[in-house]
J.: 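Pasting in a structure now, in C-alpha cells, and then I'll have a few things to ask.
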Amino acid sequence: MEIMEKIVALSKRRGFIYPGSEIYGGFGGFWDYGPIGVELKNNIKKAWWKDIVYSRDDVVGLDTAIIMNPTVWDKSGHLKAFGDPLVECKVCHKRFRSDNEEELKKHEGEHDGKGEWTEAKTFNLMTEVLLGTTEPKEKAYLRGEITQGVFVNFKNVVDSNRVKIPFGIAQIGKAFRNEITPGNFTFRSREFEQMELEYFIRPDEKEGEKTFEFWKEERMNWYLTYGMTKDKLRFREHTPEKRAHYARLATDIEYEAPFGWSEFEGIHHRGDFDLKNHGLSYKDEGDEFTPWVIETSGGVDRATLFFLIDAYREEGERVYLKLHPELAPFKAAVFPLLANKEELVKKAKEIYESLKASYYVAWDDRGNIGKRYASQDEIGTPWCVTVDFQSLDDGTVTIRDRDTTKQERIAVDKIAGYIEDKLG
Ligand code: GAP
C-alpha cells in the first residue's frame with residue numbers, strides 16, 4: 001500500500017486530486033480535481049470521445065440531465081434492485097457491506113474480535129434529492145448510472161439523426177451512488193464520472209455474442225493503446241448471480257491496483273431489458289423490434305487513478321509519471337536557462353506563446369534546471385524545452401525527453417513539428 005500513500009501525497013502536493021471540502025474536514029466519498037488533475041481527467045475523456053465518437057461513423061454523442069423524472073428509475077429497476085448487501089454491527093450499529101470480509105474482520109477487531117452482525121439487507125444506492133418550494137417537496141434522484149438518459153432519448157436520437165441499427169450512443173457524465181463504504185482514494189466515491197457507450201443491435205443471439213466480444217477487445221485494447229501495462233490488466237467474467245439486474249452477460253476489465261484486482265470498466269449485454277421497460281422500440285422498413293444493447297461502461301475517476309498508478313516510476317531519487325503524451329496534463333514545458341537574463345527570457349516567452357496556440361504548455365523559470373526537470377517529471381510532462389545562450393546564436397534549443405532524460409538540440413521552428421510527430 002506504500003505506493004497508494006505516495007500517489008495520494010503526490011496528488012495533493014502537485015494538484016491532481018484533493019479531498020472534497022477539505023477545509024471543513026473533508027466529506028466521505030467526494031473528491032476535487034486540481035489544476036493538473038483536471039487536465040489528466042479531461043485528456044482521458046477527450047481521448048475516449050475521439051476514439052468512440054469521432055473516429056466511428058456509427059456512434060453519436062449525447063449529454064443528458066443528471067436529475068430525471070423518478071419514473072425512469074422505477075421502470076429501469078433501480079429503485080428495487082440497485083443495491084449492495086449491508087450488515088449492521090449489533091454492538092455499535094455501524095453498517096458495512098456484507099461482501100467485504102476484510103472490512104468486517106477489521107471492525108470485529110475493534111470489539112476484541114467478537115463480531116455480531118445482523119442479517120444482510122439490501123441497501124439502495126440511489127441518492128435522493130428534494131425539489132420544489134412547497135411541502136411536501138418532490139422526491140427525485142441523482143442518477144445512479146448515466147445510462148438511463150441514453151435509453152429515454154432513444155426515440156429522440158433515432159427521429160432526429162440519420163442513425164440505423166447497428167449504431168451506438170456515447171455519453172460522459174456524473175453519476176452518484178450512496179456507497180456504504182467509500183474508500184481506496186477515489187476508487188469508490190459517492191460522486192464520480194462514467195464514460196459509456198450503448199451500442200444497439202438487432203435482437204439476435206449470435207449478433208449479441210459477437211458484438212459483446214468485439215467491444216470487450218476494443219475496450220481492453222484502448223487501455224493498452226494509452227499505455228497501461230498489459231500484465232496489470234485482465235478480464236473477469238461475472239457469474240449469473242453476480243450480474244447486475246439488467247445484464248445477460250457481463251465482463252469487467254480489472255486493474256491490479258495496490259489494493260488488489262479492481263474493476264474499472266464493465267462490458268454488459270443488457271439485451272432488451274431497458275428499452276422494453278421504457279416501452280420503446282425501433283422501426284426499420286416496416287420491421288418493428290426492440291433492439292438489444294451492448295454496453296461499455298467505464299469509470300473516468302477509476303481510469304484516472306489507474307493511469308496515475310500505472311505511470312508512477314521511481315528511479316533512485318527521480319520520480320516521474322510515464323503517462324502517454326496524449327494524456328499528460330502538459331505536453332511540454334518551456335524554460336529560459338537563467339531567469340535573470342532578459343534575452344533568454346524573451347526568446348523562451350516567444351516559444352512558449354507560440355506553442356500555447358496548439359498545446360497546453362507549462363512555463364517555469366524558478367530554481368535551477370535540474371529542479372525544473374524534476375518538477376515536470378513528477379507531473380508527467382513528456383518534453384522540456386530550454387532556451388540557452390546557444391539559442392541566441394543559432395536559433396536552436398534543447399528538448400529533453402521525460403522517459404530517457406536524453407536531450408537533443410533542435411531548431412526553434414521544428415519544436416511544434418517534433419511534438420506533433422511524437423504525439424502521432
Ligand atoms: N451503466 C452500467 C453501470 O453503471 P457499473 O458496473 O455499476 O455499470 C460502471 O459501473 C463503472 O462505473 C465501474 O466499472 C466503475 O469504473 C464506475 N463506478 C461505479 N461505481 C463507482 C464508484 N462508487 N466510484 C467510482 N467509480 C464507480
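Only a predicted model underlies this, so the values are computations on that prediction, with no experimental measurement involved. Atoms within a ligand are numbered from 1 in the order they appear, just like the ligands themselves.
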J.: Give me the pairs of N or O atoms, one from ligand 1 and one from the protein, that sit under 3.5 Å apart.
T.:
| residue | atom | partner | partner atom | Å |
| --- | --- | --- | --- | --- |
| ligand 1 | 1 (N) | Glu145 | OE1 | 2.6 |
| ligand 1 | 1 (N) | Thr147 | OG1 | 2.7 |
| ligand 1 | 1 (N) | Glu196 | OE2 | 2.6 |
| ligand 1 | 1 (N) | Arg270 | NH1 | 3.4 |
| ligand 1 | 1 (N) | Glu295 | OE1 | 3.4 |
| ligand 1 | 1 (N) | Glu295 | OE2 | 3.0 |
| ligand 1 | 4 (O) | Arg177 | NH2 | 2.9 |
| ligand 1 | 4 (O) | Gln194 | NE2 | 2.9 |
| ligand 1 | 6 (O) | Glu263 | OE2 | 3.2 |
| ligand 1 | 7 (O) | Arg177 | NH1 | 2.8 |
| ligand 1 | 7 (O) | Arg177 | NH2 | 3.0 |
| ligand 1 | 8 (O) | Tyr246 | OH | 3.4 |
| ligand 1 | 10 (O) | Gln194 | NE2 | 3.4 |
| ligand 1 | 12 (O) | Gln194 | NE2 | 3.2 |
| ligand 1 | 14 (O) | Glu263 | OE2 | 2.5 |
| ligand 1 | 14 (O) | Glu265 | N | 3.4 |
| ligand 1 | 16 (O) | Phe264 | O | 2.9 |
| ligand 1 | 16 (O) | Gly299 | N | 3.0 |
| ligand 1 | 20 (N) | Arg177 | NH1 | 3.4 |
| ligand 1 | 23 (N) | Glu179 | OE2 | 2.8 |
| ligand 1 | 23 (N) | Ser189 | O | 2.8 |
| ligand 1 | 24 (N) | Phe187 | O | 3.2 |
| ligand 1 | 24 (N) | Ser189 | N | 3.0 |
| ligand 1 | 26 (N) | Arg302 | NE | 3.3 |

J.: Not counting sequence neighbours, which residues clear salt bridge (charged side-chain N to carboxylate O under 4.0 Å, His left out) with Asp421? List them please.
T.: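 Expected list: none.
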J.: If you look only at pairs with a residue in residues 115-124, which of them pass as a side chain to side chain donor-acceptor pair (under 3.5 Å), with sequence neighbours excluded?
T.: Glu108-Trp117
J.: Without swapping roles, check the side chain of Ser11 against the backbone of Ile7 for a donor-acceptor pair under 3.5 Å.
T.: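 Checked: pair present.
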J.: State whether Tyr33 and Lys41 meet the cation-pi test: NZ (Lys) or CZ (Arg) under 6.0 Å from the six-membered ring centroid, and within 45° of the perpendicular axis.
T.: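 Yes - Lys41 lies over the ring of Tyr33, closer than 6.0 Å to its centre and within 45° of its axis.
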J.: According to side chain to side chain contact (heavy atoms under 4.5 Å, CB included), who are the partners of Glu102, at least two apart in sequence or on a separate chain?
T.: Asn100
J.: Would you call the rings of Tyr255 and Phe306 parallel, tilted or perpendicular, taking 30° and 60° as the class edges?
T.: parallel
